[in-house]
Protein chains: 2
Amino acid sequence: MKKQTSDYFAKTLEKGLRVLALFDEDHSSWTLTAIAEKVEVNLTTAYRLVNTFLELGYFKKDPKTKLLSLGPMAIALGNRLLRGFDINKVVEPLVDEAHYKYRISIDVSLFHRFNLVQLYKKEDSNTLTYKQETVSEFFYCTAMGKAVLSCLDAAEQEDLVERQSFKKMAENTIIDKNILYRELAEIRKKGYATNNEEYIKGLIAIAAPILRRGNNTPLGAISFTTTILDQTLVEFEKNYALILCDLARKIARKICNI
Amino acid sequence: MKKQTSDYFAKTLEKGLRVLALFDEDHSSWTLTAIAEKVEVNLTTAYRLVNTFLELGYFKKDPKTKLLSLGPMAIALGNRLLRGFDINKVVEPLVDEAHYKYRISIDVSLFHRFNLVQLYKKEDSNTLTYKQETVSEFFYCTAMGKAVLSCLDAAEQEDLVERQSFKKMAENTIIDKNILYRELAEIRKKGYATNNEEYIKGLIAIAAPILRRGNNTPLGAISFTTTILDQTLVEFEKNYALILCDLARKIARKICNI
DNA sequence: AATCTACTTACTATAATAGTAAGTTTAAGT
DNA sequence: ACTTAAACTTACTATTATAGTAAGTAGATT
C-alpha cells in the first residue's frame with residue numbers, strides 16, 4: 001500500500017474496484033453487508049457503490065434474496081480487459097500450441113508488486129486440478145514463485161523472502177529461510193525451479209522465469225503442472241524441463257517491451 | 001441513460017468504469033487527452049482516474065510516450081469477472097461442444113437495456129472473421145438482433161425498433177421499418193432469424209433467441225456465423241438451423257434463473 | 001532556440017460522499 | 001397472526017473529495 005492520500009487518487013474508484021474484485025468463481029454472489037465488511041466501508045457507502053454497479057448493469061440483484069452477482073456489463077468488461085491486454089495476443093497462442101502438443105497444464109503469471117498475477121492458464125481437462133489464485137503471494141512454496149525469486153538481485157530477493165509467511169502448506173513446504181536461499185542459488189544455475197508437493201499434497205510442478213531482455217530481471221514465470229498420480233517429479237523434469245525453458249525464452253523474446 | 005442524480009450513485013466510480021471500458025483489442029493504449037475526450041471529463045479528472053488505475057496496477061504507462069495500457073491487475077480482474085459470472089459455467093461447455101462438433105463460429109449474447117452484450121464467443125480459426133463489438137446496438141441488421149426483436153411483445157418491439165439508426169451497413173441492410181416488421185413476424189413463426197449480408201458484405205448468419213422460461217421474453221440470442229465463401233445462406237440454414245434452435249433451448253433450460 | 005503539444009501540479013469553490021440514525025422490508029420463530 | 005431480528009433502504013448534514021481553472025513543466029518538432 002502506498003500513500004494514496006495524493007490529490008490525484010480517486011478513492012471512490014478504488015473502493016469500487018475492490019468491490020468488483022470480490023467476485024470470482026468461488027464467490028459469485030454477495031450480500032450487501034458482506035461487501036461492506038470485506039471492502040471495509042460504511043454500509044451506506046457500500047450501498048452507493050453497489051447501486052452504481054446495478055444502475056450500470058455490472059451487477060444484478062435477486063429481488064427476493066437481495067443477493068448481488070455480476071451482470072452482463074461485467075462480462076463485457078471482462079472480455080475487453082482480457083483482449084485489450086496486448087501481451088495476451090502473444091502469450092495465448094504460444095501456450096495453446098504447447099498445451100495441445102504436450103497435453104500438460106500450463107500457467108503464465110506476471111510478477112507485479114510482490115505478487116504473481118495470473119495472465120493465462122491452460123489446463124488439461126482430464127487431470128486433477130487445484131484452485132489457483134489469480135493473485136498469489138506464495139513465493140516460498142511454488143515453482144513459479146521460486147523461479148522468480150531465484151533471479152532477483154540479492155536485495156530484492158531478501159526483501160521478498162522477508163515478506164513470506166512460511167506457513168506449512170504441505171509436508172514438503174520449505175519453512176527454513178536458509179534452505180530456501182540455498183535452493184534459490186541452485187535454481188538460478190539450473191534455470192528452472194521445481195515444486196515437489198510443497199504447496200499442495202500430490203501436486204508437482206516445474207517453472208521457469210520469464211526474463212526481461214537486457215537486465216534479466218524477472219517479468220513473470222511459466223509453469224507446467226501435474227500430479228504424482230501421473231508421473232514422478234524426476235520424470236516430469238526429464239520430459240519437460242527443456243521444453244519449459246524454451247517456451248519461457250520464446251515468450252520473453254516476444255514481450256520484450258512491457 | 002437514467003437519472004443518475006440519485007444520492008446513491010457514485011459518479012467517480014462510473015467515470016472510472018468508462019475509462020476502463022475504453023480498452024479492448026483494437027484500442028489497447030490511450031493518451032491521457034484522448035481518454036479525457038472520450039469519457040467527457042476534465043483533463044485533471046482524467047489524470048486523477050488514470051493515476052488511480054496506475055497506483056493500483058490496473059494500468060501501466062510507457063515512461064517515454066506516456067501511453068497508457070492495461071496492467072496486470074486488469075487481467076486478474078478480467079479473469080475473475082469472466083469466471084465469476086455463473087452463466088458462463090453453463091454456456092461455455094455447451095458452446096464449446098457444438099463448436100468442436102460442427103466447426104462453426106458461435107456467439108452467445110445477452111439482451112440488456114436495449115443492447116446485446118456478448119457473453120461468449122467461439123470462432124473457427126480457419127475462416128474469415130470480423131470485428132465483433134462486445135456491446136452492440138445493431139438490432140435491425142443482425143441475426144441475433146432480429147431474433148431478439150422477434151420475440152418481444154408489440155410495445156417493446158416498437159420501442160426498440162424506434163431506437164435503431166437504420167443506417168445502411170451493407171447492400172442488403174433492411175432500412176424500411178415495415179419490411180423489418182414483416183420479417184420479424186416470420187422469424188417469430190420460424191423460430192430463428194437470418195442475416196443475409198445485411199451487416200457486413202459476405203457475412204451470413206442464423207440466430208435463435210434464448211427465451212426465459214415461463215414468460216418467453218428474450219434473455220439473449222445465439223448465432224452461428226459463416227461467410228458466403230464457405231456456403232450459401234440456404235445451405236447454412238438447412239445444415240444448422242435445427243442444431244441452432246436446439247442449442248438455444250438447451251441453454252435456456254440451463255439458465256432459467258437469471 | 002522557439003514553439004507547440006501533452007502532461008503534471010497548485011489551488012479553491014462546489015458537489016459528492018461518509019457516517020449517523022431512522023425507517024422499511026423480509027424471514028423466522030412463537 | 002404477532003414478535004423479533006436481521007438485512008436492506010432512505011434522510012439528513014458535516015466533511016472531504018473532486019472538478020475545473022490556470023499555471024508550470026517536459027519532450028518533441030521546426
Side-chain angles (χ1 to χ4, degrees), chain A residues 1-23 27-71 257-258, chain B residues 1-23 27-71 257-258:
Chain A
M1 294 297 129
K2 272 197 164 179
K3 52 192 168 169
Q4 285 165 9
T5 326
S6 141
D7 257 5
Y8 299 101
F9 188 85
K11 304 192 182 181
T12 310
L13 175 55
E14 188 208 10
K15 284 171 206 153
L17 291 171
R18 289 229 301 275
V19 172
L20 209 51
L22 289 177
F23 291 78
H27 310 91
S28 57
S29 64
W30 290 86
T31 65
L32 183 64
T33 315
I35 290 175
E37 266 173 31
K38 275 274 176 187
V39 180
E40 296 180 306
V41 292
N42 185 284
L43 195 64
T44 308
T45 303
Y47 184 76
R48 179 183 293 108
L49 296 172
V50 161
N51 202 51
T52 306
F53 282 124
L54 284 168
E55 292 271 339
L56 298 175
Y58 286 85
F59 284 2
K60 58 194 168 57
K61 175 160 68 173
D62 185 310
K64 269 231 123 71
T65 65
K66 308 289 175 91
L67 271 179
L68 298 153
S69 50
L70 296 175
N257 48 356
I258 181 172
Chain B
M1 296 296 127
K2 272 201 164 176
K3 51 191 169 167
Q4 284 163 11
T5 327
S6 140
D7 256 7
Y8 299 102
F9 188 86
K11 302 193 181 179
T12 310
L13 175 56
E14 187 206 12
K15 285 170 206 154
L17 292 170
R18 290 231 301 278
V19 172
L20 209 50
L22 288 177
F23 291 78
H27 311 90
S28 58
S29 63
W30 290 85
T31 65
L32 183 64
T33 317
I35 289 175
E37 268 174 29
K38 275 276 176 186
V39 179
E40 293 178 308
V41 293
N42 184 284
L43 195 63
T44 307
T45 303
Y47 184 77
R48 179 181 296 107
L49 297 172
V50 161
N51 203 50
T52 307
F53 282 124
L54 283 169
E55 291 271 342
L56 298 175
Y58 285 85
F59 285 2
K60 59 193 164 63
K61 176 159 69 172
D62 184 310
K64 268 228 126 70
T65 65
K66 308 289 174 91
L67 272 177
L68 299 153
S69 49
L70 296 175
N257 48 357
I258 182 175

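Excluded from the calculations below are hydrogen atoms, water molecules and symmetry mates; all remaining heavy atoms, backbone and side chain alike, are included. Throughout, a chain's letter reflects where its sequence line sits, starting with A, and its residues are numbered from 1.
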Exercise. Checking A:Thr52 side chain against B:Ala10 main chain: does a donor-acceptor pair fall under 3.5 Å?
Worked result: yes
Exercise. Rounding to a whole Å, what distance do you find between A:Leu68:CG and D:dA7:P?
Worked result: 14 Å
For this session: Just report the end-to-end axis angle for the helix from C:dA1-D:dT30 to C:dT30-D:dA1, five pairs per end, to 10 degrees.
Result: 50°
Seminar exercise, completed: Applied to residues 34-43 of chain B, the side chain to side chain donor-acceptor pair (under 3.5 Å) test, sequence neighbours excluded, yields B:Asn42-B:Thr44
Problem set entry | First of A:Ala10 and A:Thr65 reached from the 5' end of DNA chain D, by closest nucleotide | A:Thr65
Problem set entry | Separation of atom CG in B:Leu49 from atom C1' in C:dA16, rounded to whole Å | 14 Å
Problem set entry | B:Thr45: partners by side-chain hydrogen bond (donor to acceptor under 3.5 Å, both in side chains), with sequence neighbours left out | none
Problem set entry | Rounded interatomic separation in angstrom, taking CG from B:Leu13 and P from D:dA17 | 17 Å
For this session: Please tell me which of A:Lys64 and A:Thr45 maps to the more 5' nucleotide of DNA chain C, matching each residue to the nucleotide holding its nearest heavy atom.
Result: A:Thr45
For this session: Whole angstrom is fine here: how far is it from NZ in B:Lys15 over to P in D:dA17?
Result: 16 Å
Exercise. Atom CG of A:Asn51 to atom P of C:dA18: distance rounded to whole Å?
Worked result: 14 Å
For this session: Check the distance between D:dT18's P and A:Glu14's CD and give it to me in whole angstrom.
Result: 10 Å
Exercise. Of the nucleotides C:dT20, D:dT21, C:dA6, which has the atom closest to the A:Asn42 side chain?
Worked result: C:dT20
For this session: Send over the distance from A:Asp62 CG to D:dC8 C1', rounded to a whole Å.
Result: 14 Å
Problem set entry | Minimum heavy-atom distance between B:Glu14 and B:Phe9, given as atom pair plus value | OE1-CE2, 3.6 Å
Exercise. With sequence neighbours left out, what residues match B:Ser29 under side-chain hydrogen bond (donor to acceptor under 3.5 Å, both in side chains)?
Worked result: none
Polar-atom pairs under 3.5 Å, protein N or O versus N or O of nucleotides 9-16 of chain D: list them with distances, or write none.
from   : atom 1 : to      : atom 2 : distance (Å)
D:dT9  : OP1    : A:Lys61 : NZ     : 2.6
D:dT10 : OP2    : A:Tyr47 : OH     : 2.9
D:dA11 : N7     : B:Tyr8  : OH     : 2.7

For this session: Might you point out which heavy atoms bring B:Asn51 and A:Tyr8 nearest each other, and give the distance in Å?
Result: ND2-O, 2.7 Å
Exercise. Mind checking whether B:Leu54 and B:Leu68 have side chains closer than 4.5 Å, heavy atoms only?
Worked result: yes
Problem set entry | Residues forming a ring pair (Phe, Tyr, Trp, His ring centres under 6.0 Å) with B:Phe53, sequence neighbours excluded | B:Phe59
For this session: Return yes if some donor-acceptor pair links the side-chain N/O of A:Asp62 with the main-chain N/O of A:Leu67 below 3.5 Å, else return no.
Result: no
Exercise. Taking only side-chain nitrogens and oxygens of B:Thr33, does any of them come within less than 4.0 Å of OP1 or OP2 of C:dT5?
Worked result: no
